[in-house]
Amino acid sequence: MKNTIYVLAVIALTFTACKNEQKTDGHNDESSTEIHADSDGHNDNKKEVTHDNSDGHHDNDGNKSMGENRNIEDSSDKNTATTPIIDAYLQIKNGLVADDKAAAAKGGEALLQAFAGFDMGSLTKEQHTEYMEIIENAKEQAEHIIKSPIDHQREHFESLSTDINDMISLLGTEKTLYVDHCPMVKANWLSETKEIKNPYYGSKMMKCGKIQQQIN
Amino acid sequence: MRRIKKILKGLFFVILFVFAGIQFIPIDYNLNEVVSENDISKSFDVPIDIQNLLKTSCYDCHSNNTQYPWYNKVQPVSWIMESHIKEGKEELNFNEFKTYSNRKKKSKLKSIISQIDDGEMPLLSYSFFHKDSKFSKAEKIFIMEWFNKKLDSL
């Protein structure tokens, strides 16, 4: 019996020692399938005076990050194709308003489905590039919203709101929506109701925020 | 009594056998000799102090080069590490940062800042084994300030 152990140990050591050759090309296959538009994209006009964030806090000004310099009215063709995406987004938003992690996660799943069901055939080439960039990011946020605790869901919702707002500027919507601003997190969100219901704090600060813009 | 002893002995050998067996599973190393064309340093000017912090605290899981500890040669340790590294790189790869769209760059920078701020990164399980990876208070402020500046510049 003792001999068996020795034999096994020796075999094991030999084999692990042999596997030490280095792998040179890494495994980046996944990134090659992504669509990478050139990095300056359409956001050039968003550059504003950089403000020094010397307190080290991670505020970035929500006013700036969301659709500024973009005229939503201009692109308000009554697009119905974007409706399932917007509805799923609103489902996440309402989950967060209700402090309901599970409902928000469900909305995340609905959003992924809505993206999958979206017909890109009608997009122009430029629209397509921008749309792909938007949904690449939005999908990632949705995936996190599906699996994260509520405070993380809210962080990802912030980024997602920018994406959805930009998608609406790009493609339009038939829905009547309100762009609301939360001064506490300095971020925006979209709502289907005129009444302010803050998704970033839920019941803690339900009424905090103001309407910044109305779409349709 | 003798039967229990026999069973225990048998179990011991089964475990030993499995442990020896899994050592045959090849280890997939996350190593690259070339400096990536798409490293974050090609997007931003990364000062050496920041670069060192990134390398010590982040690059093991968020780049194409991992500094492996000796115990990585033992299974199932290397398995567990491999899956951590894979997940880490999918989430954020500093060596691929330049390929990200502006939108993605912004959202990654925001996540980096908030995770460092909340003390979620570097992972607790990682800094337990890599004591030097943990940011000191000053380092934390320093690195977050830098990332904030880069975020504003986009």
Side-chain angles (χ1 to χ4, degrees), chain A residues 1 4-5 8-9 11-13 15-28 30-32 34-43 46-48 50-61 65 132-134 136-138 140-141 144 151-152 155-156 158-160 162-163 166, chain B residues 9 13 16-17 19-34 36 38 43 63-65 73-75 86 89-91 93 95-96 98-118 120 140-142 144-145 147-149 151-154:
Chain A
M1 214 41 170
T4 334
I5 302 173
L8 273 175
I11 294 176
L13 276 173
F15 271 78
T16 39
C18 293
K19 278 307 295 176
N20 283 350
E21 83 272 12
Q22 298 190 348
K23 212 182 156 217
T24 42
D25 62 345
H27 22 155
N28 299 326
E30 64 266 310
S31 59
S32 60
E34 291 172 7
I35 290 188
H36 301 299
D38 49 352
S39 54
D40 56 5
H42 54 91
N43 287 335
K46 281 195 178 177
K47 276 192 190 141
E48 289 186 17
T50 50
H51 64 105
D52 186 16
N53 231 336
S54 49
D55 62 353
H57 197 65
H58 59 278
D59 292 338
N60 82 314
D61 202 330
S65 67
M132 290 306 289
E133 242 182 57
I134 291 172
E136 188 205 356
N137 196 59
E140 228 183 300
Q141 311 311 320
H144 279 277
D151 50 329
H152 277 185
E155 268 174 31
H156 291 287
E158 191 186 324
S159 186
L160 180 64
T162 311
D163 294 335
D166 290 348
Chain B
K9 211 171 160 189
F13 281 112
L16 194 79
F17 192 77
F19 181 75
I22 59 173
Q23 304 306 322
F24 292 90
I25 296 163
I27 303 170
D28 198 1
Y29 287 101
N30 179 40
L31 288 168
N32 259 287
E33 267 146 44
V34 236
S36 170
N38 298 314
S43 292
S63 82
N64 295 330
N65 261 308
K73 305 239 187 303
V74 185
Q75 294 286 20
K86 194 173 166 248
K89 277 169 68 176
E90 254 167 39
E91 216 38 70
N93 188 341
N95 287 158
E96 301 292 330
K98 203 181 166 210
T99 64
Y100 296 168
S101 68
N102 237 28
R103 180 180 298 275
K104 192 168 171 180
K105 277 185 190 138
K106 271 189 207 169
S107 113
K108 289 296 167 196
L109 287 175
K110 273 189 214 167
S111 298
I112 292 169
I113 294 161
S114 96
Q115 300 218 16
I116 295 177
D117 194 18
D118 298 344
E120 283 167 30
K140 196 170 155 177
I141 293 169
F142 179 57
M144 276 171 48
E145 227 167 62
F147 275 122
N148 261 315
K149 256 187 226 152
L151 178 62
D152 286 342
S153 74
L154 282 178

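Just so it is clear: chains get the letters A, B, ... in the order the sequence lines come, proteins before strands, and each one is counted from 1.
- Nearest heavy atoms, A/Glu136 versus B/Lys104: OE2-NZ, 3.1 Å.
- The distance from atom NE2 of A/His152 to atom OG of B/Ser111, rounded to the nearest 0.5 Å, is 9.0 Å.
- Side-chain contact between A/Glu155 and B/Gln115: absent, with no pair of heavy atoms (C-beta onward) separated by less than 4.5 Å.
- Salt bridge A/Glu140/B/Lys108: present, at least one basic N to carboxylate O contact under 4.0 Å.
- In this structure, the side chains of B/Arg103 and A/Asp166 come closer than 4.5 Å at one or more pairs of heavy atoms.
- The parts of B/Glu91 that come within reach of chain A are both its backbone and its side chain, each placing non-hydrogen atoms under 4.5 angstrom from that chain.
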